[in-house]
Every structure is written in structure tokens, then in C-alpha cells.
Amino acid sequence: MSIFADIFWDLMDYKSKINAEKLPKHIAIIMDGNGRWAKQQGEQRIFGHHNGVSSVRDTTEAAAELGVKYLTLYAFSTENWNRPKDEVEALMELLVMTISKETETLLKNGIRLETIGDIDSLPASCKYQLQEAKEATKAGDRMTLVLALSYSSKWEIVKAVKEIAQEAKDGKLKPEDITEELFAGKLCTSGMPDPELMIRTSGEHRISNFLLWQLSYAEFYFTEKLWPDFRKEDLYEAIYNYQNRERRFGKTSEQIQ
Ligand code: IPE
Ligand code: IPE
Ligand code: MG
């Protein structure tokens, strides 16, 4: 009997194996490998970025369907400004195009768009498009899609420290008032739960200045898949893998059970 159950379990897809009671509330993804994907096809890097949009659509849809509440996608880092000018420009254009094309779908699906990062550093057309989309989708309560744009964790932390220092200087805050909660409230992610699961594609095992504070206790999942190949099934597999880990938070295994 149990051997049949085992075989049956192996044949099931990852989606059916996911425990709806143990879903991560917040998933963060470092979408990496677009350039390598394009190169494999004998194309320019930007071809990979264009194809990565389908993966964004698929992943967003899958996360919302499952009932994930926050999905944060690392789309452009502070360090990415150092890429060749052509690539940066093409990425910004792609961003504007994608946002304007997808706003309707987000709206229909109850998905609220948010951003984290130095949005003021983006070209005016991007800022405008993002503002419009955020405004249009602000009532969406099924899931929040957070785009990390011109984002880096060290930038975000220094910005928070400056704000706190200013408030202390102005007499609004005493050093003893500074708590983890107060600090977290000064970050771009203020009000959002910390991600329980962080996924990075393309086989790189680093976090590249992404959510250093917020990922303190996240489970990391790395896959060799390049971002343009990432599909719903890959997200299901990552969540299933996450659900089979023991999250101890410093305690012993016996204390958890
Ligand atoms: C991720 O893919 C997208 C961005 C960082 C904007 P890459 O462009 O980093 O692709 P690889 O890592 O060079 O293959
Ligand atoms: C991280 O990818 C940033 C984004 C996915 C937006 P990178 O490709 O820029 O990171 P490194 O350079 O490999 O660390
Ligand atoms: Mg990369």
C-alpha cells in the first residue's frame, strides 16, 4: 500500500504537493541570467531581458493564484547603473513598456504595484509610468507586487540611518527609542512582512546587495535555471522545497516539534 502511495506522490506535480496552510507570505526573487540566456541563443543581452518579462508574468500569476501576499522582484540594482549605457537605456525602456502594458492585468487580478529603491534616480518617463500604475492598482488586495528598482540594501540602510540621525538631532527621538521595529519602519519595505523565501536563478549563490536586513531569517533557494526559462512549475518547486525545511530560529529541533 505505502509503496503505491510513494509512487503516486512522486508522480504528483509540485503544485499539488504544496501545503496551502504553510505558504510563505512574502517571496523575494533575484531574477538573474538574462544575459547568459540571450548569449546561448546567439542574441544580444537585451533579448534576454525581453524574454524575462514572460517569466515575470508567469511567476506573478502563479504567486497570486496560490495566495502569496507579497512578491518582491529584484529588477535593477544600484550597481546595474554601471552597465553599458545601451543596456541601461534598453532596460529602462523595457520597464516603461512593460508597466504600461501590464497595468490592466494587474488591476484585473487585484494586484497592487509597489516599488522599493531610489525611484527618483530613474528617468522621468519611468517615474511617471510607475506612479500611474501604483495609483491605478492601489486598491488591489490580493497580492502586492514589489519591484526593486535602482535598489540596493546598503543604500537603503544608510538612508534609514540618516533619517534616524536627523530625528535624533531634531530632538524627536532618543537613542534608547531605537528598536528593531523602529529601524525596519525606516526601510523601503516598511509595513511589509520579511520574506520567508528568497529565490535566485542562474546558479549564482550570492545576494548582490538585496534586502540584507529583511532576509535575516529567510530560506534561500538557488536554481540553475536562467530567469527567462523560469516558469510557474519552478516557483511551485521552490515553495515545496521551502515547506520541507525545518525553520528553527535559533531553537533546537526538539523545541520546534
Ligand atoms: C538579470 O540578468 C537582469 C538584471 C540584472 C537587470 P543579467 O542581465 O544579470 O544576466 P546575466 O547574469 O549577465 O546572465
Ligand atoms: C542582481 O543581479 C541584480 C538583479 C537581478 C536586478 P546582477 O547580475 O546584477 O548581480 P551580480 O553582478 O551577478 O552580483
Ligand atoms: Mg546577472
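First listed ligand is number 1; within each ligand, the first listed atom is number 1.
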Rounded distance (nearest 0.5 Å) linking atom [atom1] of [X] with atom [atom2] of [Y]:
{"X": "Asp194", "Y": "Thr189", "atom1": "CG", "atom2": "OG1", "result": "7.0 Å"}
{"X": "Met12", "Y": "Ile7", "atom1": "CE", "atom2": "CD1", "result": "14.5 Å"}
{"X": "Trp227", "Y": "Ser54", "atom1": "CH2", "atom2": "OG", "result": "10.5 Å"}
{"X": "Asp141", "Y": "Arg112", "atom1": "CG", "atom2": "CZ", "result": "9.5 Å"}
{"X": "Leu173", "Y": "Leu182", "atom1": "CG", "atom2": "CG", "result": "5.5 Å"}

Problem set entry | NZ or CZ of Lys186 within 45° of Phe183 ring axis and under 6.0 Å |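 Output no; distance or angle outside limits.
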Exercise. Within 45° of the axis and under 6.0 Å from the centre of the six-membered ring of Tyr240, does NZ or CZ of Lys17 qualify?
Worked result: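 The answer is yes, since Lys17 meets both limits relative to Tyr240.
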Exercise. Can you list the protein N, O or S atoms less than 2.8 Å from the Mg ion (ligand 3)?
Worked result: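 As for protein N, O or S atoms lying under 2.8 Å from the Mg ion (ligand 3), they are Asp32 OD1.
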Exercise. Does the side chain of Gln214 pick up a donor-acceptor pair with the side chain of Glu156 at under 3.5 Å?
Worked result: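 There is such a pair (donor and acceptor under 3.5 Å, judged by atom type) between the side chains of Gln214 and Glu156.
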Exercise. So which residues, sorted by chain and number, lie with a heavy atom under 4.0 Å of ligand 1?
Worked result: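 Correct list: Met31, Asp32, Gly33, Asn34, Gly35, Arg36, Arg45, His49, Ala75, Asn80, Arg83, Leu91.
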Problem set entry | Residue Arg206 vicinity, atoms of ligand 2 by number, heavy atom under 4.0 Å | 11 (P), 13 (O), 14 (O)
Exercise. Is a salt bridge present between Lys174 and Glu176, judged by a nitrogen-to-oxygen distance below 4.0 Å?
Worked result: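 A salt bridge is absent here (no side-chain N lies under 4.0 Å from a carboxylate O).
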Problem set entry | hydrophobic_cluster_shared for Val56 and Met143, side chain cutoff 4.5 Å |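 Yes; Val56 is reachable from Met143 via cluster members.
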